[in-house]
Protein chains: 2
Amino acid sequence: MTKPTAKPPTRPQDIDIDVLEDTLSFYIRTINLAVSRDLDQRLEGLEVAKGTGKITTLLLVDDYPGIRPSLIAHMIMRDRSAMGRLIDQMEHQGLIRREVSPEDNRAQELYITEAGAALAEKIREIVPQQSRDFFSFIPQDEQALVIDILRRAYRRIVGMS
Amino acid sequence: MTKPTAKPPTRPQDIDIDVLEDTLSFYIRTINLAVSRDLDQRLEGLEVAKGTGKITTLLLVDDYPGIRPSLIAHMIMRDRSAMGRLIDQMEHQGLIRREVSPEDNRAQELYITEAGAALAEKIREIVPQQSRDFFSFIPQDEQALVIDILRRAYRRIVGMS
DNA sequence: TATTGTTATACTCTATAACTATA
DNA sequence: TATAGTTATAGAGTATAACAATA
(Lines give C-alpha, C1' and ligand atoms only; values in the text may rest on other atoms or scores of the structure.)
Protein backbone atom coordinates (compact mmCIF):
# COMPACT_ATOMS: atom_id res chain seq x y z
CA MET A 1 0.00 0.00 0.00
CA THR A 2 1.64 3.22 -1.16
CA LYS A 3 0.53 6.76 -0.59
CA PRO A 4 -1.53 7.95 -3.49
CA THR A 5 0.62 9.96 -5.84
CA ALA A 6 -2.19 11.13 -8.12
CA LYS A 7 -2.52 14.88 -8.22
CA PRO A 8 -5.91 16.22 -7.17
CA PRO A 9 -8.12 17.43 -10.01
CA THR A 10 -8.15 21.11 -10.84
CA ARG A 11 -10.96 21.26 -13.41
CA PRO A 12 -14.68 20.51 -13.08
CA GLN A 13 -14.42 18.09 -15.99
CA ASP A 14 -12.12 15.89 -13.97
CA ILE A 15 -14.49 15.56 -11.04
CA ASP A 16 -16.71 12.60 -10.30
CA ILE A 17 -19.40 13.61 -7.84
CA ASP A 18 -19.66 10.21 -6.22
CA VAL A 19 -23.09 8.97 -5.17
CA LEU A 20 -24.54 12.38 -5.91
CA GLU A 21 -24.25 11.51 -9.59
CA ASP A 22 -27.49 9.52 -9.39
CA THR A 23 -29.22 11.43 -6.62
CA LEU A 24 -32.22 13.47 -7.69
CA SER A 25 -32.26 15.57 -4.54
CA PHE A 26 -28.73 16.75 -5.31
CA TYR A 27 -29.71 18.07 -8.70
CA ILE A 28 -32.87 19.68 -7.38
CA ARG A 29 -30.90 21.41 -4.65
CA THR A 30 -28.01 22.67 -6.75
CA ILE A 31 -30.04 23.69 -9.78
CA ASN A 32 -32.36 25.50 -7.39
CA LEU A 33 -29.46 27.70 -6.32
CA ALA A 34 -28.58 28.62 -9.87
CA VAL A 35 -32.08 29.20 -11.17
CA SER A 36 -33.09 31.20 -8.09
CA ARG A 37 -30.13 33.50 -8.44
CA ASP A 38 -30.86 34.02 -12.10
CA LEU A 39 -34.49 34.77 -11.34
CA ASP A 40 -33.53 37.29 -8.68
CA GLN A 41 -31.47 39.14 -11.24
CA ARG A 42 -34.35 39.20 -13.68
CA LEU A 43 -36.66 40.55 -11.02
CA GLU A 44 -34.22 43.14 -9.80
CA GLY A 45 -35.97 46.23 -8.57
CA LEU A 46 -39.41 44.68 -8.93
CA GLU A 47 -40.26 44.36 -5.19
CA VAL A 48 -40.49 40.63 -5.65
CA ALA A 49 -37.35 38.64 -5.09
CA LYS A 50 -35.81 36.04 -2.81
CA GLY A 51 -37.91 33.02 -2.11
CA THR A 52 -40.77 31.53 -4.07
CA GLY A 53 -43.21 32.98 -1.63
CA LYS A 54 -43.81 36.46 -2.95
CA ILE A 55 -44.47 35.53 -6.55
CA THR A 56 -46.91 32.78 -5.72
CA THR A 57 -48.62 34.93 -3.14
CA LEU A 58 -49.07 37.81 -5.54
CA LEU A 59 -50.55 35.60 -8.23
CA LEU A 60 -52.88 33.76 -5.88
CA VAL A 61 -54.17 36.91 -4.23
CA ASP A 62 -54.72 38.40 -7.68
CA ASP A 63 -56.58 35.31 -8.88
CA TYR A 64 -58.54 34.62 -5.71
CA PRO A 65 -59.73 37.76 -3.93
CA GLY A 66 -60.30 37.02 -0.29
CA ILE A 67 -57.97 34.03 -0.16
CA ARG A 68 -56.61 33.24 3.29
CA PRO A 69 -52.99 33.42 4.38
CA SER A 70 -52.98 29.89 5.73
CA LEU A 71 -53.99 28.43 2.37
CA ILE A 72 -51.22 30.29 0.57
CA ALA A 73 -48.78 29.24 3.28
CA HIS A 74 -49.71 25.67 2.54
CA MET A 75 -49.20 26.08 -1.21
CA ILE A 76 -45.75 27.58 -0.76
CA MET A 77 -44.77 25.25 2.05
CA ARG A 78 -44.18 27.85 4.69
CA ASP A 79 -45.55 28.05 8.19
CA ARG A 80 -47.97 30.67 9.32
CA SER A 81 -45.32 32.78 10.99
CA ALA A 82 -43.24 33.03 7.83
CA MET A 83 -46.39 33.74 5.87
CA GLY A 84 -47.32 36.56 8.22
CA ARG A 85 -44.03 38.32 7.70
CA LEU A 86 -44.33 37.87 3.94
CA ILE A 87 -47.74 39.53 4.02
CA ASP A 88 -46.49 42.32 6.27
CA GLN A 89 -43.82 43.09 3.75
CA MET A 90 -46.09 42.99 0.74
CA GLU A 91 -48.66 45.11 2.54
CA HIS A 92 -46.05 47.74 3.35
CA GLN A 93 -45.09 47.73 -0.31
CA GLY A 94 -48.69 48.40 -1.17
CA LEU A 95 -49.12 45.22 -3.20
CA ILE A 96 -51.89 43.62 -1.17
CA ARG A 97 -54.11 44.50 1.75
CA ARG A 98 -55.76 42.41 4.42
CA GLU A 99 -59.17 42.44 6.01
CA VAL A 100 -60.59 40.49 8.88
CA SER A 101 -62.98 37.85 7.64
CA PRO A 102 -66.58 38.66 8.53
CA GLU A 103 -67.30 34.96 8.73
CA ASP A 104 -64.51 34.06 11.09
CA ASN A 105 -62.92 36.81 13.08
CA ARG A 106 -59.74 34.82 13.55
CA ALA A 107 -59.12 34.65 9.85
CA GLN A 108 -58.02 37.22 7.31
CA GLU A 109 -58.88 37.81 3.70
CA LEU A 110 -56.29 39.06 1.27
CA TYR A 111 -56.96 41.42 -1.61
CA ILE A 112 -54.80 42.76 -4.39
CA THR A 113 -54.19 46.47 -4.81
CA GLU A 114 -53.85 48.30 -8.11
CA ALA A 115 -50.09 48.29 -7.81
CA GLY A 116 -50.19 44.61 -6.95
CA ALA A 117 -52.32 43.78 -9.96
CA ALA A 118 -49.96 45.68 -12.23
CA LEU A 119 -47.00 43.84 -10.79
CA ALA A 120 -48.80 40.51 -11.18
CA GLU A 121 -49.17 41.25 -14.87
CA LYS A 122 -45.45 41.81 -15.26
CA ILE A 123 -44.68 38.72 -13.23
CA ARG A 124 -46.81 36.57 -15.51
CA GLU A 125 -44.57 37.58 -18.37
CA ILE A 126 -41.21 37.47 -16.71
CA VAL A 127 -41.34 34.37 -14.57
CA PRO A 128 -42.23 31.75 -17.21
CA GLN A 129 -39.90 33.45 -19.68
CA GLN A 130 -37.02 33.34 -17.24
CA SER A 131 -37.56 29.64 -16.73
CA ARG A 132 -37.65 28.93 -20.45
CA ASP A 133 -34.53 31.01 -21.02
CA PHE A 134 -32.61 29.51 -18.16
CA PHE A 135 -33.34 25.96 -19.25
CA SER A 136 -33.18 26.74 -22.95
CA PHE A 137 -30.41 24.24 -23.47
CA ILE A 138 -32.81 21.47 -22.53
CA PRO A 139 -34.91 20.53 -25.58
CA GLN A 140 -38.57 21.55 -25.37
CA ASP A 141 -39.91 18.01 -25.23
CA GLU A 142 -37.56 17.06 -22.42
CA GLN A 143 -38.48 20.17 -20.48
CA ALA A 144 -42.15 19.29 -20.84
CA LEU A 145 -41.38 15.81 -19.61
CA VAL A 146 -39.60 17.03 -16.50
CA ILE A 147 -42.33 19.57 -15.78
CA ASP A 148 -44.94 16.87 -16.10
CA ILE A 149 -43.24 14.65 -13.58
CA LEU A 150 -42.31 17.40 -11.12
CA ARG A 151 -45.81 18.84 -11.32
CA ARG A 152 -47.16 15.57 -10.05
CA ALA A 153 -44.56 15.59 -7.29
CA TYR A 154 -45.55 19.10 -6.25
CA ARG A 155 -49.26 18.33 -6.32
CA ARG A 156 -48.69 15.27 -4.25
CA ILE A 157 -46.56 17.11 -1.70
CA VAL A 158 -49.04 19.92 -1.12
CA GLY A 159 -52.05 17.66 -1.31
CA MET A 160 -53.58 18.90 -4.53
CA SER A 161 -54.27 15.37 -5.66
CA MET B 1 -69.70 44.06 -14.70
CA THR B 2 -70.62 42.87 -11.25
CA LYS B 3 -68.40 42.28 -8.30
CA PRO B 4 -67.31 38.65 -8.17
CA THR B 5 -69.52 36.75 -5.79
CA ALA B 6 -67.53 33.50 -5.92
CA LYS B 7 -66.15 32.50 -2.57
CA PRO B 8 -62.39 32.16 -2.42
CA PRO B 9 -61.07 28.60 -2.39
CA THR B 10 -60.24 26.99 0.91
CA ARG B 11 -58.65 23.74 -0.24
CA PRO B 12 -55.45 23.10 -2.22
CA GLN B 13 -57.41 21.03 -4.71
CA ASP B 14 -59.38 24.09 -5.70
CA ILE B 15 -56.34 26.18 -6.52
CA ASP B 16 -54.99 26.87 -9.98
CA ILE B 17 -51.43 28.13 -9.72
CA ASP B 18 -51.64 30.34 -12.77
CA VAL B 19 -48.58 30.59 -15.03
CA LEU B 20 -46.56 28.68 -12.46
CA GLU B 21 -48.39 25.56 -13.60
CA ASP B 22 -46.01 25.23 -16.57
CA THR B 23 -42.95 26.85 -15.09
CA LEU B 24 -40.07 24.52 -14.39
CA SER B 25 -38.29 26.95 -12.09
CA PHE B 26 -41.34 27.01 -9.82
CA TYR B 27 -41.29 23.27 -9.34
CA ILE B 28 -37.54 23.20 -8.81
CA ARG B 29 -37.83 25.92 -6.19
CA THR B 30 -40.74 24.53 -4.24
CA ILE B 31 -39.72 20.89 -4.37
CA ASN B 32 -36.28 22.02 -3.24
CA LEU B 33 -37.83 23.36 -0.06
CA ALA B 34 -39.60 20.11 0.70
CA VAL B 35 -36.78 17.75 -0.14
CA SER B 36 -34.20 19.85 1.71
CA ARG B 37 -36.29 19.87 4.86
CA ASP B 38 -36.76 16.15 4.66
CA LEU B 39 -33.05 15.60 4.14
CA ASP B 40 -32.23 17.79 7.12
CA GLN B 41 -34.41 15.60 9.28
CA ARG B 42 -32.70 12.47 8.06
CA LEU B 43 -29.31 13.94 8.78
CA GLU B 44 -30.28 15.21 12.20
CA GLY B 45 -27.36 15.11 14.58
CA LEU B 46 -24.90 14.12 11.88
CA GLU B 47 -22.92 17.40 11.73
CA VAL B 48 -23.99 17.77 8.13
CA ALA B 49 -27.16 19.70 7.43
CA LYS B 50 -28.48 22.82 5.77
CA GLY B 51 -27.25 23.49 2.29
CA THR B 52 -25.83 21.12 -0.27
CA GLY B 53 -22.39 22.42 0.49
CA LYS B 54 -21.30 20.23 3.36
CA ILE B 55 -22.26 16.92 1.85
CA THR B 56 -20.62 17.59 -1.48
CA THR B 57 -17.53 18.99 0.21
CA LEU B 58 -17.16 15.97 2.44
CA LEU B 59 -17.45 13.53 -0.44
CA LEU B 60 -15.10 15.45 -2.71
CA VAL B 61 -12.43 15.87 -0.06
CA ASP B 62 -12.72 12.18 0.73
CA ASP B 63 -12.42 11.23 -2.93
CA TYR B 64 -9.76 13.73 -3.91
CA PRO B 65 -7.14 14.30 -1.22
CA GLY B 66 -5.55 17.70 -1.69
CA ILE B 67 -8.46 19.19 -3.63
CA ARG B 68 -8.70 22.98 -3.49
CA PRO B 69 -11.45 25.01 -1.89
CA SER B 70 -12.04 27.07 -5.00
CA LEU B 71 -12.77 24.00 -7.10
CA ILE B 72 -15.31 22.73 -4.60
CA ALA B 73 -16.82 26.20 -4.38
CA HIS B 74 -17.32 26.05 -8.10
CA MET B 75 -18.99 22.63 -7.97
CA ILE B 76 -21.44 23.72 -5.30
CA MET B 77 -22.00 27.17 -6.82
CA ARG B 78 -20.82 29.21 -3.90
CA ASP B 79 -18.28 31.98 -3.78
CA ARG B 80 -14.94 31.70 -2.07
CA SER B 81 -16.08 33.54 1.01
CA ALA B 82 -19.00 31.18 1.63
CA MET B 83 -16.68 28.28 0.94
CA GLY B 84 -14.19 29.54 3.49
CA ARG B 85 -16.80 29.61 6.22
CA LEU B 86 -17.98 26.14 5.27
CA ILE B 87 -14.44 24.83 5.60
CA ASP B 88 -13.93 26.64 8.91
CA GLN B 89 -16.96 24.91 10.29
CA MET B 90 -16.04 21.47 9.03
CA GLU B 91 -12.49 21.91 10.28
CA HIS B 92 -13.72 22.81 13.75
CA GLN B 93 -15.89 19.72 13.66
CA GLY B 94 -12.80 17.69 12.90
CA LEU B 95 -14.08 16.43 9.56
CA ILE B 96 -11.39 17.86 7.32
CA ARG B 97 -8.12 19.70 7.68
CA ARG B 98 -6.32 22.18 5.46
CA GLU B 99 -2.72 22.62 4.47
CA VAL B 100 -1.01 25.31 2.49
CA SER B 101 -0.11 24.05 -0.97
CA PRO B 102 3.63 23.61 -1.37
CA GLU B 103 3.28 24.44 -5.04
CA ASP B 104 1.37 27.68 -4.61
CA ASN B 105 1.47 29.35 -1.25
CA ARG B 106 -1.76 31.19 -1.95
CA ALA B 107 -3.67 27.97 -2.31
CA GLN B 108 -4.83 25.37 0.17
CA GLU B 109 -5.18 21.64 0.01
CA LEU B 110 -7.96 19.86 1.81
CA TYR B 111 -7.69 16.46 3.42
CA ILE B 112 -10.18 14.20 5.11
CA THR B 113 -9.81 13.15 8.74
CA GLU B 114 -10.71 9.79 10.16
CA ALA B 115 -13.94 11.18 11.53
CA GLY B 116 -14.65 12.78 8.18
CA ALA B 117 -14.09 9.55 6.30
CA ALA B 118 -16.41 7.71 8.66
CA LEU B 119 -19.07 10.34 8.17
CA ALA B 120 -18.61 10.21 4.39
CA GLU B 121 -19.36 6.50 4.53
CA LYS B 122 -22.62 7.12 6.33
CA ILE B 123 -23.52 9.94 3.97
CA ARG B 124 -23.06 7.69 0.95
CA GLU B 125 -25.76 5.47 2.37
CA ILE B 126 -28.19 8.03 3.65
CA VAL B 127 -28.26 10.69 0.96
CA PRO B 128 -29.18 8.57 -2.07
CA GLN B 129 -31.60 6.58 0.06
CA GLN B 130 -33.34 9.72 1.25
CA SER B 131 -33.77 10.88 -2.32
CA ARG B 132 -35.21 7.55 -3.43
CA ASP B 133 -37.55 7.47 -0.46
CA PHE B 134 -38.69 11.04 -0.84
CA PHE B 135 -39.49 10.62 -4.51
CA SER B 136 -40.70 7.05 -4.16
CA PHE B 137 -44.12 7.97 -5.57
CA ILE B 138 -42.43 8.74 -8.89
CA PRO B 139 -41.93 5.50 -10.82
CA GLN B 140 -38.30 4.38 -11.17
CA ASP B 141 -38.12 4.93 -14.91
CA GLU B 142 -39.49 8.43 -14.65
CA GLN B 143 -37.06 9.25 -11.86
CA ALA B 144 -34.20 8.04 -14.02
CA LEU B 145 -35.46 10.20 -16.84
CA VAL B 146 -35.58 13.33 -14.72
CA ILE B 147 -32.16 12.62 -13.25
CA ASP B 148 -30.77 12.17 -16.71
CA ILE B 149 -32.03 15.53 -17.88
CA LEU B 150 -31.18 17.45 -14.72
CA ARG B 151 -27.72 15.90 -14.65
CA ARG B 152 -27.04 17.42 -18.02
CA ALA B 153 -28.36 20.75 -16.75
CA TYR B 154 -26.07 20.63 -13.73
CA ARG B 155 -23.03 19.64 -15.77
CA ARG B 156 -23.70 22.43 -18.17
CA ILE B 157 -24.15 25.00 -15.41
CA VAL B 158 -20.91 24.16 -13.62
CA GLY B 159 -18.98 23.61 -16.81
CA MET B 160 -18.39 19.88 -16.57
CA SER B 161 -19.26 19.44 -20.21
C1' DT C 1 -59.56 21.97 22.79
C1' DA C 2 -58.28 23.33 18.07
C1' DT C 3 -57.40 26.99 14.83
C1' DT C 4 -55.77 31.62 12.84
C1' DG C 5 -52.56 34.61 13.03
C1' DT C 6 -48.70 37.28 15.86
C1' DT C 7 -44.41 37.95 18.22
C1' DA C 8 -39.76 36.96 19.65
C1' DT C 9 -35.51 34.72 19.20
C1' DA C 10 -31.61 32.51 17.49
C1' DC C 11 -29.48 30.55 13.62
C1' DT C 12 -28.12 30.11 8.92
C1' DC C 13 -27.45 31.54 4.33
C1' DT C 14 -26.44 35.25 0.91
C1' DA C 15 -24.28 38.97 -1.35
C1' DT C 16 -21.02 42.45 -1.38
C1' DA C 17 -16.98 44.71 -0.82
C1' DA C 18 -12.54 45.50 1.07
C1' DC C 19 -8.45 43.25 2.38
C1' DT C 20 -3.80 40.13 2.50
C1' DA C 21 -0.66 37.53 0.48
C1' DT C 22 1.22 35.44 -3.38
C1' DA C 23 1.97 34.76 -8.32
C1' DT D 1 -2.38 42.88 -12.63
C1' DA D 2 -4.70 38.53 -11.48
C1' DT D 3 -5.64 34.90 -8.23
C1' DA D 4 -6.60 32.25 -3.54
C1' DG D 5 -8.41 32.92 0.37
C1' DT D 6 -10.07 35.96 4.53
C1' DT D 7 -12.81 39.23 6.98
C1' DA D 8 -16.70 42.21 7.90
C1' DT D 9 -21.24 43.51 7.33
C1' DA D 10 -25.98 44.00 6.25
C1' DG D 11 -30.04 41.77 4.64
C1' DA D 12 -33.08 37.56 4.08
C1' DG D 13 -34.79 33.36 4.97
C1' DT D 14 -35.75 29.46 8.52
C1' DA D 15 -37.23 27.09 12.59
C1' DT D 16 -39.06 27.11 16.98
C1' DA D 17 -41.75 28.12 20.60
C1' DA D 18 -44.82 30.87 23.17
C1' DC D 19 -48.75 33.82 22.78
C1' DA D 20 -53.67 36.12 22.01
C1' DA D 21 -58.01 35.83 20.15
C1' DT D 22 -61.63 33.25 18.39
C1' DA D 23 -64.22 29.09 17.31
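- Regarding B/Met77, its CE atom lies at a distance of 17 Å from the P atom of C/dC13, rounded to whole Å.
- The residue among A/Ala49 and B/Gly84 whose nearest nucleotide of DNA chain D is located toward the 5' end is B/Gly84.
- No donor-acceptor pair closer than 3.5 Å links the side chain of B/Glu109 to the backbone N or O of B/Pro65.
- Between D/dA15, C/dG5, C/dA15, one nucleotide has an atom nearer to the side chain of A/Pro69 than all others, and that is C/dG5.
- Looking at A/Arg124 and A/Glu121, a side-chain N of the basic residue comes within less than 4.0 Å of a carboxylate O on the acidic one, giving a salt bridge.
- Closest-nucleotide positions on DNA chain C for B/Ala82 and A/Asp88 were compared, and the one nearer the 5' end corresponds to A/Asp88.
- Here the P atom of nucleotide C/dT4 and the NE2 atom of A/His74 are 12 Å apart, to the nearest Å.
- Taking only side-chain atoms of B/Arg78, from C-beta outward, the nucleotide of D/dT6, C/dT14, D/dT22 with the closest atom is C/dT14.
- Look at CD1 on A/Ile67: it is 11 Å from P on C/dG5, rounded to the nearest Å.
- The base of D/dG5 has none of its N or O atoms less than 3.5 Å from a complementary donor or acceptor on the side chain of B/Arg106.
- Each of A/Gln108 and A/Asp40 has a nearest nucleotide on DNA chain C; the 5'-most of these lies closest to A/Gln108.
- Looking at the side chain of A/Arg85, the nearest of the listed nucleotides D/dA4, C/dA8, C/dA15 is C/dA8.
- In this structure, A/Lys54 does not reach the D/dA12 phosphate: none of its side-chain N or O atoms is under 4.0 Å from OP1 or OP2.
- In the set D/dT6, C/dG5, C/dT22, the nucleotide with an atom closest to the side chain of A/Arg68 is C/dG5.
- Checked for salt-bridge contact, B/Arg151 and B/Asp148 meet the test: a charged N lies under 4.0 Å from a carboxylate O.
- Among C/dG5, D/dT6, C/dT22, the nucleotide with an atom closest to any side-chain atom of A/Ala107 is C/dG5.
- D/dT14 atom C1' lies 8 Å from atom CZ of B/Arg37, rounded to whole Å.
- Of the candidates D/dA4, D/dA15, C/dG5, C/dG5 carries the atom nearest the A/Arg80 side chain, counting heavy atoms from C-beta on.
- Considering only side-chain N and O atoms, B/Asn105 lies nowhere under 4.0 angstrom from the phosphate OP1 or OP2 of D/dA4.
- For B/Gln89 and D/dT6, the CD to P distance is 14 Å, given to the nearest whole Å.
- When distances are taken from the side chain of B/Leu33 to each of C/dG5, D/dT14, C/dA15, the shortest belongs to D/dT14.
- Whole-Å rounding puts the B/Asp104 CG to D/dT3 P distance at 12 Å.
- Considering only side-chain N and O atoms, B/Ser70 lies under 4.0 angstrom from the phosphate OP1 or OP2 of D/dG5.
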Practice problem: Check step by step if side chain to side chain donor-acceptor pair (under 3.5 Å) holds for A/Ser81 and A/Arg85. | Solution: CA-CA 7 Å; A/Ser81 102; A/Arg85 267 166 289 137; 2.8 Å; yes

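- A donor-acceptor contact shorter than 3.5 Å links the side chain of A/Thr113 to the backbone of A/Leu95.
- Taking every side-chain heavy atom of A/Ser81 into account, C/dT6 is the closest of C/dA15, D/dT22, C/dT6.
- The hydrophobic cluster containing B/Tyr111 does not contain B/Ile55, counting ILVMFWY residues as joined when their side-chain heavy atoms lie under 4.5 angstrom apart, directly or transitively.
- To the nearest angstrom, C1' of D/dT3 lies 16 Å from CD of B/Glu103.
- As a whole-Å value, the separation of B/Glu109 CD from D/dG5 C1' is 14 Å.
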